[in-house]
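By convention in this document, chain letters (A, B, ...) are assigned in the order of the sequence lines, proteins followed by strands, and residues within each chain are numbered from 1. Heavy-atom basis, side chains included; hydrogens, waters and symmetry copies ignored. Here the structure is a predicted model, which means the values were calculated and not measured.
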Amino acid sequence: MSNGMAILNPQQPRTAAMAERMAEVKGRSLWADARARFLRNKAAMVSVGVLGAVFIFAFFGHLVTPYDNETIDWNVLGKVKELGKPSLANGHYFGYDDSGRDLFARVVQGTQVSLMVGVIGAAIAVIVGTIYGAVAGYIGGRVDSIMMRFVDIAMSVPYMFVLILLLVVFGRSIEMIFVGIGLTAWLDMSRIVRGQTLSIKNKEFIEAAVATGVPSFTIIRRHVVPNLLGVVVVYATLLVPQMILTESFISFLGLGVQEPLTSWGALISEGTSTMNYGTLWQLFFPLAFFVVTIFAFFFIGDGLRDALDPKDR
Amino acid sequence: MTETILKVDDLKVWFDVKKPGAMPWTRPRKLKAVDGVSFELNAGETLGIVGESGCGKSTLARAVMQMVPIEAGSVVWLGDDLTGLDTRRMRPHRKEMQMIFQDPLASLNPRMTIGQIVAEPLKTHFPGLSAAKVKARVQDVLDTVGILPNLVNRYPHEFSGGQCQRIGIARALIVDPQLIICDEPVSALDVSIQAQVINLLMDLQKETGVALIFIAHDLSVVKHISDRVMVLYLGNVMEIAPAAELYDRPLHPYTEALISAVPIPDPVLERQKQVMLLDLDLPSPLDPPSGCVFRTRCPIAEPGCAQVKPVLADKGREHLVACHLR
């Protein structure tokens, strides 16, 4: 388009004809760019593989072992140190736990519970926090002040105390853990999202949408949220291990998931209490899964951050 | 073609400004971004608005679009008073006036394809339209602004600044508006692209009869495109006149100073030119001078200028000026 004067008329039939002949060109979205950068990140890709393996272990692990997680082997009970060692020969790959149950099956079960708590807890936090923060930030003014002061107040309550209180008053159950974690985890998220929304809100494309007459909630959904999703995704991957840690800590204290259910935290807690008897594998296996998974999440979060915002490295 | 479509009367836009670190209950000060601006716009006409940074050009545009709260005055659009309309009742009018922005790339959502971006106003105002019709219309409009319609699936970052501005123009055009407010549409583009975009706007105006409000701080650009020009200073109108009249016979000393500062693309003439430099900086709109707001920098100011605020007076030939002395 070298000659500015002839944009409209003389060239128009030609452009139309050219367009006719050419197929529609596919664009490269920012998401596609980010995906390409993420796929090049070796640490993150290894972590994705490791995490995939952990998930496969959680969902299909029970198919590899002939033992279930509740049958007690009375022959081993009391002699776990001598007879309960991990062994490929007898099919107890991770050995026995202190009550004479197959530890492999127990770890599979614990992995399921821990991952569920992590993923569902983070999902609740992300959904609630994103909506809350985006609405507060976009509407602004007094609504924003009231909504964010509420968050400040809720944050100033020591959440571990609230969580423990909830578990003591309403009984120890996995549902109560979800409620307790859900009550507090979205607060951070909403703050982060609000901050991002404030910076996006002043961009001209938002102004363009307002000038066009797009309704406010459509603007939030179509223009604000997709543009802060990068930050949200990164934070969410870091939130999952945080949820797992919280649950593990609660379970370690003995307030979390209760028998016959178990989780990494509960298994680690059992493992530490039997360390003195020389059955170290009871600590080692759940702890290894726990550490590896958390590391994998952190590396993925790092990789996502680099991929989604290459300037911010 | 002399039907008045927009009538702005004594429009005031004041913002609340709090001192940093002030207590929540201290009374905010008023920043008078636009302070009593009146003008009329005819169908198919181009009104240029010029003035230095911070004189209220963009705020005036946003006030006309009802995007900032209005302190006083009225904006009458096609016979309807828009001031104080809520978002729902304002919506039908939004398709009649559209806007083009300064930063071409920033005015397009980076997560949407240009097809989606251009279609948005159409989908907002005609939700019942079939996908095929929307697509046809989008391709039509893109073709009009000189973007190959087969690029609809591309994203804004895959285009140059000039192309992005064309996409922005396509988005404004798609609902057949009667007025497009151009908020410094070419300031972020380099000179050759500026010419393309301006010529595109002028061609479109010829074709569709759309009226333009063209905001810029580049006087030569404004002269090229405008039928009439309005000069703003500290939220006040200094002078309104037909473009040629204003440039040939500026009456207000501020307009004279602005025009004398326009560079001439001829080194010999440029060196001989006398630039009328103004003393001091722009006064704060938080605390504008009494009487005539320009008096603190005016080379011909007299003591009387501090007493009474001058009103726009018709000096003939559609030339309006707000000055006691001219």
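Closest heavy-atom contact between A/Gly213 and B/Thr124: O-CG2, 3.6 Å. Residues A/Ala211 and B/Met65 come closest through the heavy atom pair CB-CE, 3.6 Å. For the pair A/His223 and B/Asn109, the tightest heavy-atom approach, listed with the atom from each and the gap, is ND1-ND2, 2.9 Å.
The part of B/Arg62 that comes within reach of chain A is its side chain, from C-beta onward, which places non-hydrogen atoms under 4.5 angstrom from that chain. Contact of B/His125 with chain A is made through the side chain alone, with heavy-atom distances under 4.5 Å. Both the backbone and the side chain of B/Ser107 have a heavy atom closer than 4.5 Å to some heavy atom of chain A. For B/Gln66, no part lies under 4.5 angstrom from a heavy atom of chain A. Residue contact with chain A, scored on non-hydrogen atoms closer than 4.5 Å, is absent for B/Met202.
A distance of 4.0 Å separates CD in A/Glu207 from CE in B/Met67, rounded to the nearest 0.5 Å. A/Phe205 CZ to B/Leu105 CG: the interatomic distance, rounded to the nearest 0.5 Å, is 10.0 Å.
Side-chain contact between B/Gln98 and A/Thr212: present, with at least one pair of heavy atoms (C-beta onward) separated by less than 4.5 Å. Residues B/Arg91 and A/Pro215 are in side-chain contact: their nearest non-hydrogen atoms beyond the backbone lie under 4.5 Å apart. Taking the side chain as every heavy atom from C-beta outward, B/Arg111 and A/Arg222 never approach each other to under 4.5 Å. Between A/Asp33 and B/His157, some side-chain heavy-atom pair lies under the 4.5 Å cut-off.
Heavy-atom neighbours of A/Tyr138 OH from other residues, nucleotides or ligands within 6.0 Å: above the threshold of 12. Around CZ of B/Arg88, the count of heavy atoms belonging to other residues, nucleotides or ligands within 6.0 Å does not exceed 12. Heavy-atom contacts from other residues, nucleotides or ligands closer than 6.0 Å to CZ of A/Phe295 number 12 or fewer. Applying the 6.0 Å contact sphere to NZ of B/Lys30 captures more than 12 heavy atoms from other residues, nucleotides or ligands.
Ranked by heavy-atom pairs shorter than 4.5 Å toward chain A, the options B/Lys123, B/Glu120, B/Met97 are led by B/Glu120. Contact count versus chain A (heavy atoms, under 4.5 Å) is highest, among B/Glu158, B/Gln116, B/Met99, for B/Glu158.
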